[in-house]
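As the structure is a prediction and not an experimental result, all values here were calculated from the model.
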Amino acid sequence: MQDKIKNLIKDALQNLGIEASEIALEHPADLKMGDYSTNVAMAIAKNVKSNPKDLAKKIVTEILRLNLDKYIEKVEVAGAGFINFYLSRKFFGNSIEEILNQGENVGKNEILAKEKTKEKIMVEYTDPNPFKPFHIGHLMTNAIGESVARILEHSGAEVTRANYQGDIGLHVAKAIYGLLKNPLRPENSGHLPLGKVEEGGGESVSVLAQHIGKAYAEGALLYETDEAVKAEIDEINKKIYNRGDEKINKIYDWGFKVTMDAFEDLYKLLGTKFDFYFLESQMAPIGEEIVRANMGKARDPEHGRRIFEESDGAVVFKAEKHDPKLHTRVFITSGGLPTYETKELGLTEDKFRTEPNLDLSIIVTANEQMDYMKVVAKAVSLIKPEHEKKMFHISHGMMRLSGGKMSSRKGNVVTGESLIRDTIALIGEKMRERDWDEKEKSKVAEMVGVAAIKYSILRSASGSDIVYNVEESISVDGDSGPYLQYSFARANSVLEKAKVENILPDPHAFPGEVFEVEKLLYKFPEVVLRSAKEYEPHYIANYLIEVARVFNSFYGNNLIVSKEDKNSGYKVALTFAFSFVMKTGLYLLGIQAPAKM
RNA sequence: GCGCUCGUAGCUCAACGGAUAGAGCACUUGUCUUCGGAACAAGGGGUUGUGGGUUCGAUUCCCUCCGAGCGCACCA
């Protein structure tokens, strides 16, 4: 449709003897101003020495003369010289029919399927560290990464999901120190932040992981304040590296498994299934080898300098020599240990070894890591330019807390895990009156709770920080994930009723008027496309909220299922179309759509 | 100090250089014997941080200043 209108405008201009290179066609902000709108008249008025409004009128006359498409109802000049196109009843009926044919495939496109081969994309996200709590930042990268992965799949790419975790390092030593101090035994389970131990028998991995999180916090605190403890933790750190101490090995292996299992439970809840797990300990040697190989002999062709050099006993990369906005970073410490930068280098290499035909490697992290990611990318561009061209970094804002002190509850910080559990509990409370099977209820509460959190992350552009208000908690009405799910569940029960009353969807039985929902539904594929091109899920989130609002309004003002109404079949078709768009849209955000809630 | 990101209603956020800057929350009022009230209908609330510039047109692009967040060598 878009192309049709563009061509129509082009033809009209040509007949008027006017050259126009690019024709901007957009949807007006207000539905009253038509379905498509162009500003060509204003843009070129100056060149042809005419006032925009007169020019617009001329163009419209020419368009009308060129014979209208059956899908275009009318064309008007408005405002300062806009040309607005109104689509016909038939067009909307048609678009509803199209959505019904596509079902949950609605909005699919093939921009990432070049010449019938799918583009291979790896998305790395979440990246929590074993022995540390799953915090709110991990929740953010997970929500964004999963959504981006799904959007790219919907655009024809073959996506693999990767997770990268710091399985060694000082943080592990701190946690193990804490665990040595407070071993986990039944008699001193007073150390546990004990709520109830879930589901029978022994402690769940979730509770055990919380215990490890506390141990880490204690170790981290004492590391800063107590010299003796600091020395002790440094000693533990060495033992972890060389695996020389049997007791520590045992605790390490146990703790690693517990935290990784606890993460896995969360991924399941959040709807993520990873294809690859990369571990820092394994990336380190790969990175070190690259660094060593590029000292001395290897040269940056452009500047003729060594890429890595020694400085104060450490191996550094002076990125500012290549780009004044970058800075020097240490790759190998004076103590001979590889830093995160080196491991990142190894990770990049390992990703391309794992997936040799990778077309694009996307990494999702918080923007606090932006600058050093740029330094690493610069290093990669000098060592393996072919890899650097295939790397893309999505950096998102941080989740900040406002409204009251977060520690005011149980003297605890809000971790990602506790936020999820609290939100689900809140939803469960809201559903208490429902006389459903308990298992079903808690399943739905999980879906709704996760939706509330994911939506609150994905509703705004991913670059900026988002503020989470502890006191008001995550929103469940109005502009929220549950609102989207609710409108879907509602549509679903209307469709159930239609089934019972034996009213079949009929996209041809349309009434004279065009409902506002229809004016939004056909835009879904465009929105998906934009999200895919910009790696920005929030366009979909904003779109869905608008559609949901308009559908709820339609629902409120119309009796959809009615034997008396000859247009009922059309309204049912419309409701079907809405439910497909909503379900698919939610899926792209990584949110499930329960049939009832 | 340097670099990056940002500043929109009381709060949280939208607006691919376009038309009267839009939503939700909160506040005020109305709808409840129709398919799900996690809803619908309506109302008040704005000099888009400041001052310039580019443009037919600027919340959007450029510059000044003010303010915030993040990052700037052996942590990740």
Side-chain angles (χ1 to χ4, degrees), chain A residues 24 26-30 33 37 39 41-43 45-46 51-52 78-82 84 127 129 132 166 169-171 280 311-318 320 324-335 337 339-341 343-344 366-372 374-375 395 397-398 400 402-403 427 430-431 448 452 456 459-461 463-469 472 475-480 482-487 489-498 500-501 526 530 533-534 538-539 541-542 545-546 549 552-562 571-572 575 596-597:
Chain A
E26 58 171 26
H27 296 292
D30 193 333
M33 300 189 286
S37 170
N39 59 2
M42 292 182 289
K46 210 177 178 185
N51 99 52
F82 291 96
N84 293 340
D127 300 359
N129 285 331
K132 279 172 82 171
L170 208 50
H171 66 280
E280 266 183 43
S311 173
D312 291 339
V315 177
V316 304
F317 170 49
K318 295 191 173 169
E320 69 275 15
K325 287 179 178 174
L326 302 179
H327 56 267
T328 297
R329 296 200 72 102
V330 171
F331 275 64
I332 294 175
T333 68
S334 51
L337 291 175
T339 62
Y340 197 66
E341 288 78 353
K343 295 170 192 165
E344 194 68 36
N367 57 21
E368 60 187 352
Q369 306 192 19
M370 200 158 51
D371 280 6
Y372 97 81
K374 280 184 191 158
V375 173
S395 69
M398 319 272 285
R400 297 208 328 271
S402 83
I427 304 287
K430 227 176 148 88
M431 290 177 57
V448 177
S456 69
R459 67 195 272 263
S460 45
S464 54
D465 290 358
I466 69 171
V467 176
Y468 162 62
N469 189 319
E472 288 168 19
S475 170
V476 296
D477 42 33
D479 184 7
S480 76
Y483 176 85
L484 297 178
Q485 290 174 314
Y486 177 73
S487 61
R490 231 182 185 186
N492 204 64
S493 71
V494 172
L495 295 174
E496 282 297 312
K497 189 186 165 198
V500 171
E501 303 219 353
E526 296 170 29
R530 190 172 174 205
K533 283 182 180 164
E534 297 181 30
H538 91 284
Y539 293 122
N542 291 157
I545 227 32
E546 205 184 340
R549 229 167 353 236
N552 275 329
S553 172
F554 166 76
Y555 172 95
N557 298 318
N558 290 278
L559 188 56
I560 297 169
V561 177
S562 160
K571 292 177 185 170
V572 170
T575 305
K596 57 175 188 167
M597 61 186 273

Does [X] have a side-chain nitrogen or oxygen under 4.0 Å from the phosphate oxygens OP1 or OP2 of [N]?
X      : N      : result
A:K325 : B:rC4  : yes
A:S553 : B:rA41 : yes
A:K343 : B:rA76 : yes
A:K46  : B:rC56 : yes
A:Y483 : B:rC40 : yes
A:R490 : B:rG37 : yes

- Task: Let me know, please, whether A:P52 or A:G313 comes out on the 5' side of the other along RNA chain B by nearest nucleotide.
- Result: A:P52
- Message: Heavy-atom nearest nucleotide on RNA chain B for A:A489 versus A:S334: which residue maps closer to 5'?
- Response: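 With A:A489 and A:S334 compared, the 5'-side residue is A:A489.
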Counting Watson-Crick and G-U wobble pairs only, both distances under 3.5 Å, name the nucleotide matched with [N], or none.
N      : value
B:rC13 : B:rG22
B:rA39 : B:rU31
B:rU60 : none
B:rU48 : none
B:rA73 : none
B:rA68 : B:rU5

Rounding to the closest angstrom, what is the interatomic distance between [N] and [M] at atom [atom1]?
N      : M      : atom1 : value
B:rC16 : B:rC74 : C1'   : 45 Å
B:rG71 : B:rC62 : C1'   : 25 Å
B:rA42 : B:rG17 : C1'   : 34 Å
B:rU48 : B:rA9  : P     : 10 Å
B:rA41 : B:rC32 : C1'   : 13 Å
B:rA19 : B:rG30 : P     : 36 Å
B:rG51 : B:rU60 : P     : 13 Å
B:rU59 : B:rA15 : P     : 15 Å

What heavy-atom pair brings [X] and [Y] nearest, and what distance separates the two atoms?
X      : Y      : answer
A:A41  : A:G81  : CB-O, 3.6 Å
A:E526 : A:H27  : OE1-NE2, 2.6 Å
A:V476 : A:P482 : O-CB, 3.5 Å
A:V375 : A:F317 : O-CE2, 3.5 Å
A:H327 : A:E320 : C-OE1, 3.3 Å
A:A314 : A:S334 : CB-N, 3.8 Å

Between [options], spot the one nearest the side chain of [X], thanks.
X      : options                : result
A:V467 : B:rA19, B:rC13, B:rG36 : B:rC13
A:A314 : B:rC74, B:rG18, B:rG36 : B:rC74
A:H538 : B:rA38, B:rC74, B:rA14 : B:rA14
A:Y539 : B:rA15, B:rC56, B:rA14 : B:rA15
A:D479 : B:rC25, B:rA14, B:rG24 : B:rG24
A:D477 : B:rC25, B:rA14, B:rG36 : B:rC25
A:M42  : B:rC56, B:rG36, B:rA14 : B:rC56
A:V330 : B:rC74, B:rA38, B:rC40 : B:rC74
A:R459 : B:rC72, B:rA15, B:rU12 : B:rU12
A:I466 : B:rA76, B:rG18, B:rC13 : B:rC13

- Kindly confirm whether the side-chain ring of A:F82 is stacked on the base of B:rA19, judged by centres under 5.5 Å and planes under 30°.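 A stacking contact exists, since A:F82 sits close and nearly parallel to the base ring of B:rA19.
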Sugar-phosphate only, base, or nothing, as touched by [X] at under 4.0 Å among non-hydrogen atoms:
X      : answer
A:T339 : sugar-phosphate
A:L170 : nothing
A:D127 : nothing
A:V315 : nothing
A:E26  : base
A:P324 : nothing
A:N39  : base
A:M398 : nothing
A:E534 : nothing

- Task: Starting from the C-alpha separation in whole Å, work towards a yes-or-no answer on side-chain contact (heavy atoms from CB on, under 4.5 Å) for A:T339 and A:I332.
- Result: CA-CA 6 Å; A:T339 62; A:I332 294 175; over 6 Å; no
No-H, no-angle donor-acceptor pair, [X] side chain to [N] base, under 3.5 Å:
X      : N      : value
A:S311 : B:rA73 : yes
A:S37  : B:rA19 : yes
A:D465 : B:rG69 : no
A:S475 : B:rG24 : no
A:D30  : B:rA21 : no

Distance, rounded to the nearest Å, where [X] contributes [atom1] and [N] contributes [atom2]:
X      : N      : atom1 : atom2 : value
A:N557 : B:rC40 : CG    : P     : 10 Å
A:K571 : B:rU34 : NZ    : C1'   : 13 Å
A:E546 : B:rC16 : CD    : P     : 13 Å
A:Y555 : B:rU34 : OH    : P     : 10 Å
A:N552 : B:rG37 : CG    : C1'   : 11 Å

- Message: Please determine whether a side-chain nitrogen of the Lys or Arg among A:R530 and A:E534 lies less than 4.0 Å from a carboxylate oxygen of the Asp or Glu.
- Response: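 Answer for the salt bridge query: yes.
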- Modelled atom types, side-chain donor and acceptor of A:N552 and A:S487, under 3.5 Å: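 Absent: no donor and acceptor within the cut-off.
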- Full working for side chain to side chain donor-acceptor pair (under 3.5 Å) between A:R459 and A:N542: CA-CA 6 Å; A:R459 67 195 272 263; A:N542 291 157; over 6 Å; no
